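A short worksheet on the structure shown next.
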Amino acid sequence: AEYMGVAAVGHFYTGRIEADGRELGAWPLDAHHVGLALEVLQLADLWGVEFLRQSAEVFLASPGVRDVYNVLDLWAHARAFHAPQLAAVCLFDARAMLSTLAQMPQFERLEPELRDELLGRRK
C-alpha cells in the first residue's frame, strides 16, 4: 500500500504527486485512489501547502468520484481540511440528492452543524 506522506514529501523534490506509478491527475477513480487523495488533502492542510490541497481537491471534485454513497463524507472531509472548492461542489451535489441522502445512514451521522447547513437552516 502507498503511504501518501512519502508521495507528498516527494512533491517538494519532484513537483509531482505519484501513486502506483501515476501522477495524481491520472489516478483511476476508485476507492483506493480516493482514499489516497484524501490523505494528500489532509497532509496539505496540516502542512499548509496550497498546491497539494488544490491538486487533491481537483481529483476529488471529479464527477466520477462523487456519488450518493460518498458525497456527504467527502463534504465533511473538505470542511475539516479547509478545501472550499471541494466543499462547494459536494454541498451542491448533496442538495441535489437530498431526498435520497435523507434516507441514508450517512445523513444521520452528519454533525448537526453540517446537517443544518445542508438543509439551509440558519443559526
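Remember, predicted model here, so these are calculated numbers, not experimental data.
Of all heavy-atom pairs between Gln85 and Glu57, the closest is N-OE2, 2.9 Å. Ala56 and Ala37 make their closest contact through CB-O, 3.6 Å (heavy atoms, listed as atom of the first residue, atom of the second, distance). Of all heavy-atom pairs spanning Gln103 and Ser99, the tightest one is NE2-O, 3.1 Å. Closest non-hydrogen pair, Leu101 versus Ala94, comes out as CD1-O, 3.4 Å. Residues Leu41 and Ala83 approach most closely at CD1-CB, 3.7 Å, considering heavy atoms.
Note that CD of Glu117 and CG of Leu110 are 10.5 Å apart. Values are rounded to the nearest 0.5 Å. Rounded to the nearest 0.5 angstrom, Glu23 CD and Ser55 OG are separated by 9.5 Å. Between the SG atom of Cys90 and the CG atom of Leu60 there is a distance of 8.0 Å, given to the nearest 0.5 Å. Note that the CE atom of Met97 and the CG atom of Leu72 stand 8.5 Å from one another [nearest 0.5 Å]. The CG atom of Asp93 sits 12.0 Å away from atom CH2 of Trp75, with the distance rounded to the nearest 0.5 Å. From Phe59, atom CZ reaches atom CG of Leu29 across 5.0 Å, with rounding to the nearest 0.5 Å.
Grouping the Ile, Leu, Val, Met, Phe, Trp and Tyr side chains by contacts below 4.5 angstrom, directly or via other members, places Leu46 with Leu36. Residues Leu91 and Met104 share a single hydrophobic cluster, defined by chaining ILVMFWY side chains whose heavy atoms lie under 4.5 Å apart. Using a 4.5 Å cut-off between side-chain heavy atoms of Ile, Leu, Val, Met, Phe, Trp and Tyr, with links allowed through other members, Leu52 and Trp27 fall into the same hydrophobic cluster. Residues Phe107 and Val68 fall within the same hydrophobic cluster, defined by Ile, Leu, Val, Met, Phe, Trp and Tyr side chains chained together at heavy-atom separations under 4.5 Å. Residues Leu74 and Tyr69 do not share a hydrophobic cluster, defined by chaining ILVMFWY side chains whose heavy atoms lie under 4.5 Å apart.
Using a distance-only test at 3.5 Å, with no hydrogens or angles considered, no donor-acceptor pair links the side chain of Gln106 to the main chain of Asn70. With Arg95 contributing its side chain and Leu119 its backbone, the two residues share no donor-acceptor pair below 3.5 Å. Side-chain atoms of Arg66 come within 3.5 Å of backbone atoms of Ala61 as a donor-acceptor pair (strictly under, hydrogens ignored).
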Legend entry - salt bridge (Lys or Arg N to Asp or Glu O under 4.0 Å) assessment of Arg79 paired with Glu113: CA-CA 11 Å; Arg79 294 277 311 266; Glu113 174 187 318; 3.1 Å; yes

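In this structure, the side chains of Leu86 and Phe81 stay at 4.5 Å or more apart for every pair of heavy atoms.
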